[in-house]
Every structure is written in structure tokens, then in C-alpha cells.
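Presented below is the structure to which this report refers.
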Amino acid sequence: MNRDTMSFDIIGVGCGVATLSTVLQLLKRVKSEPAGSMQAPTVLIIDKGMSVGAHNLSGAVVDPGPLAELLTPEEFAGLPKFTTVKSESFQFLTPGGSMQVPWMPKSMRAEGYPIVSLSELTRYLAGLCEKAGAEICAGFAAVELLKENGRITGVRMGDKGLDKNGVQRAGFELGPDLIGSMVILGEGACGFLTEQLIAERGISGPNPETYALGIKELIETPECKGRAGTIMHTFGYPLDQMTYGGGFVYCVSDTMTAIGMITALDYRNPTLNPHDLFRLFKHHPKVQPFVAGGKVVEYGAKVLPEGGFHCVPGLAVDGAIIVGDGAGLCNSLRLKGVHLAVQSGLSAGNALCEGWKNNKDFSVAAMSKYPEQLKASAPWKTLQKIKNVRAGFSYGSIPGIMTIGMGVVSGGLLPPGRMPLEPDWETMKAKADVRPWVQPPKVADSEAGTQMDKLSDVFFSKTHHEENQPSHLKILDTAKCTTCIQKFGAPCTIFCPAQVYVLKDDKTSIHIDFSNCLHCKTCQIKDPLQNIKWTPPEGGGGPVYSKM
């Protein structure tokens, strides 16, 4: 069989906010040139999700500054949003109580910001891109970067129609090769092609990227008039002093609450269960009133790139650029990445337009204008001011809080230099060296609708994979599993937020229920022996988020 080839000027991998912002800015810039002076480039964006927005999840209280720059006033006014932030609080939680933080820096406040569904925002931006002339195809996974003489020349899409043993079924199709002058990698955190490119070209940042697992539910509640627009961020319980993270509660309407828990993946204790921490958070007396009498209507999980300034890789190579979460562009102190994704899109779109005007010059030298513009932006300068905050918390809560204080007071000058970070997978201790972690709460009848176990939650993610296909989750060496089980207690069966990994009856091996996978990639990031590899499944599989 011959593999089809299709050619475009620009190819976007991942239909997220960063890619869409890049394409929209490029096409708007081209259109603004004098009539007839420039032909618009042909642009194709592909996404592995079943539909546009199906794999997009965030909090999301959005800093609107970069969006206001990207969109016209009319487009900005049409942004889909639940509501805006009307009141906010920061709470330090103890096992039975809480204390409100009396003062927070202005940069941490969100009053007046829109509360959005990232999946809906993605669909809105995708519609604007299509209106501007881009083509978008969902349900297709990119599995390989194409290269020629060291230059990225396009991507190969995954084959469709293999059975679980890798044998061609009826209707088998070879994935086509997409050839382009420039590839935009906007796959999100720990992107499959992005991570390969960073490793191959040696363009990683000074520190290794460190991640956090975010777990989120949308809960429908009895009506509480006036609650819409109330948000709360928390730190402390149920996390210990050596685990970074926190919770959030966003009242997106009088009858709907978004609630989530962020757990940094550099935690030490192999028995720590992020999903159980989330359940304990919902059970806390400060949080419980926001979800009392409610029922879960949607669930999801993703990883956030938290390392910050010193973890950002090189953003441009010959034939490709990296945007958004895949470039580590997330403010871990504010728990905000959408505005940085849009800002990277603005800068990348401008650089692409200049290259397009200059006889399709997409060389590394031409694309260097992208990181130059990004690093001159306000969101980047904020990221620079908190450059060591995440590393400070790797030493515990008190050093982390001190690092925040020094950074805020000094405008980022203190602590000086670069504090190091360890890869998340290296931090885990042996099971024999730790105390067993906490258990989930006992569920009262009144909490039955909001206290889901993992499999019940997975149901509300609407995740699905055709089971008669090769597993996209690979255990590289089964002998290592026995070692991991003995030393660490099978942590993959604990940290996965979708119960993909199950300890077999023999207690020496692992069964993979890949059809449950939420594509969060926690397993690849946190596995202490680096024995799990996530690869793109056949396009169209995975979660189907609609309001997340």
C-alpha cells in the first residue's frame, strides 16, 4: 500500500488554544496586508480528539489580556464564558478548619476575570480560525515528525484499522504524510512529538520540566442564588508539608460548581493517591458546602507543566516551533496557563507572518523572532519574576512560601540564580521508607453524588478507545514491573486518575485497561523506573470533554 501525501504551508499539531491563537494571529496579520499583496498560506490543524475541544481541560479562570489583543472587540465580546469572578478568597486548610489569607499580591488576584470552559473556548477559537481560512481535522493523531537534511518537513498521521495484535483489519488505512513548510507543535504538556524533538535536538531548558496532576469535576448543585462568580483557592490539607499543590472551587453558575485538586508529581510517598486527595478535599468542611446535595456531571484529568522559567526549552528549530503547555508556559503560582498559551500564539503568529512575507523564510534565524517577542511580553516577565518559586517548594512548604515572598518583594531578583529541580520520577522513595498515606473519606448518604471512586469518575469523562486496537500504553520491560512492585508497591495502580493499571492476582505483574485512559500522561512522567511509554492511540479515542 502506498502512503498518501498532502501538502500545506503550515501544519498545526494539537487543536488547543496555543495552536489556534498562532494560526488566528498569522491569518489576521496576512489579511491586514494591502489587498492583493500577499496570498494567504494554506493551514491544516489536526487533533487526536474525537472532536474539537474533546481533549481540552483547565480550571479555568482566564487572564484576558492576551485574548483581548488577539481578538477584535466584537470577537472578544462573543467569548463563551460561564460568568466573571465577583469574589475570591485564598484559604489555608487544616484537617478540620481553615484560615483565610488576609492579603495576596495583586498579580494573584482574579476579580473581573472570565470563568470559562476551555473546551468551549477552544471550539470558539477554532471557528474563528476556520472563518479566517484554516482547515481543521479532528480524530487524527500525529505519530512521527518527518525530516529531511535535519529540517522538520511535516508529520505522519497514525494508521487506522489495526487489531490488538497489530494485524490489519478490514478497512485498514495507512496514515498520510502531511508535508509543510512549518509545523506548529501545540500538543499540550508532555507532548508526544514535542518531547521527542526536545530530546533529539538537545534544546531542553536548564532545569528538567516538573509537572502536577490536575483532577477536576463539574458538579451540578441545588440552586444558590448569588453564588455565581465566587471562587476559592486553597493550600495545605490534604497535602503534606513536602507536597506542592492545592485546590480550587469555582462557582460557574448558581447551580454548577467546578472543583479541582492539583498535586505536584515530585511527591515522595509512593502510596499517595491523588484521586483520594481530591475526595478528601471535597469532604473538607470549608469545601463541602459548595457541593452539598450535588451530583457529578463531568470529570477529567491532565498534567500541568509547573517548572516555569528555567524549564522552558528552545522554542524554534528548523521547520518547527513549540507553543503553549508543550513549551512549559504555565504560571504555577497563579495556576494559569491559558493566557501564556495565547501570548505564545500572538508572538509565534507574528513571526510566521514575517517569515511568510519574506519568501516563506521559516529558518531558525527567522523564527527566533517568536521567542524574542514572547520574552518581551508582560506574561513572560511575570514568569521571570517567579522563576525559582516552584523549585523552592521542592524543599517543603515553608521554604516555598519564603521563596514566594522574596520573589514578590524583590521583583524576581531573589533568590538569585537558578535553583535546581529533579525530574519527577526520581523523587519517589521506597515503600518501606514511608508511612502509608491517608485513606479516602467515609461517604455519608448526603455525599453519594459527589464522592465518586475512580471508575465512576471515568464514566463521567466519556472516555472511550476501540479495544480491538494495539494498546497505546507500553510497559517497556515486564521484569522491571516485579522490581517496582516489590520496592514501590505498584505506584502506577495508585497515581493513575483513571484506574488504567491494575495489579494482577499474582502480585508480580500489571494489567493495562488502556480504554480508560484520559491521556494525562501521569504514568510516563511519574513511573519511578521510567518503564511506561505513552504513545498516541488511534485518532478519535480518549475523553470527550464538553464543559471542562
Side-chain angles (χ1 to χ4, degrees), residues 4-31 39-58 67 70-71 75 78-80 116-143 145 154-158 160 173 175-188 191-194 320-326 338 341-342 344-346 348-349 352-353 356 519 536-546 548:
D4 291 337
T5 298
M6 296 182 284
S7 296
F8 300 86
D9 294 312
I10 310 289
I11 299 166
V13 180
C15 191
V17 168
T19 302
L20 294 168
S21 298
T22 303
V23 169
L24 188 57
Q25 179 69 358
L26 164 63
L27 296 178
K28 283 188 171 191
R29 281 285 311 275
V30 170
K31 187 177 180 180
Q39 184 178 357
T42 56
V43 181
L44 174 70
I45 303 172
I46 61 171
D47 192 85
K48 60 183 173 59
M50 180 183 293
S51 56
V52 172
H55 288 182
N56 297 97
L57 176 152
S58 182
L67 274 172
L70 173 68
L71 305 176
E75 291 168 343
L79 280 172
V116 307
S117 156
L118 192 64
S119 56
E120 286 192 350
L121 175 61
T122 302
R123 287 189 285 272
Y124 180 73
L125 293 177
L128 295 179
C129 285
E130 289 179 318
K131 186 177 179 181
E135 184 178 351
I136 299 176
C137 292
F140 296 93
V143 298
L145 284 169
V155 298
R156 175 165 291 171
M157 293 207 287
K160 291 194 172 189
E173 296 179 6
D177 286 343
L178 307 178
I179 307 300
S181 300
M182 174 55 67
V183 174
I184 304 166
L185 290 173
E187 300 174 288
F192 180 71
L193 299 183
T194 306
I321 56 174
I322 307 171
V323 294
D325 275 6
V338 175
V342 177
S344 70
L346 285 165
L352 288 173
C353 181
W356 179 252
H519 296 204
E538 188 173 289
V544 184
Y545 302 134
S546 59
M548 296 297 265

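Everything numeric here is computed off the predicted structure, so don't read it as measured data.
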How far apart are the closest heavy atoms of V30 and P41, and which atoms are they?
CG2-CD, 4.1 Å
Nearest heavy-atom pair of S344 and G324: which atoms, and what distance?
OG-N, 3.2 Å
Could you give all pairs that pass the side-chain hydrogen bond (donor to acceptor under 3.5 Å, both in side chains) test and reach residues 120-139, with sequence neighbours left out?
E120-K547
Side-chain donor-acceptor contact under 3.5 Å, T42 with D9
yes
Taking every non-hydrogen atom, the tightest pair across T194 and G326
CG2-O, 3.8 Å
Considering all heavy atoms, the nearest V323-T19 contact
CG2-N, 4.1 Å
What I'd like to find out is whether the side chain of I184 reaches to under 4.5 Å of the side chain of L352, using heavy atoms alone.
yes
State, with a plain yes or no, whether a side-chain heavy atom of L79 is found less than 4.5 Å away from one of V116.
no
Determine the minimum heavy-atom distance between M157 and F140, stating which atoms define it.
SD-CB, 3.4 Å
So, do L125 and V23 sit near enough that their side-chain heavy atoms are less than 4.5 Å apart?
no
Heavy atoms of M6 and P176 approach each other most closely as CE-CG, 3.7 Å
Quick one: do V52 and D47 satisfy side chain to side chain contact (heavy atoms under 4.5 Å, CB included)? Show the steps, please.
CA-CA 7 Å; V52 172; D47 192 85; over 6 Å; no
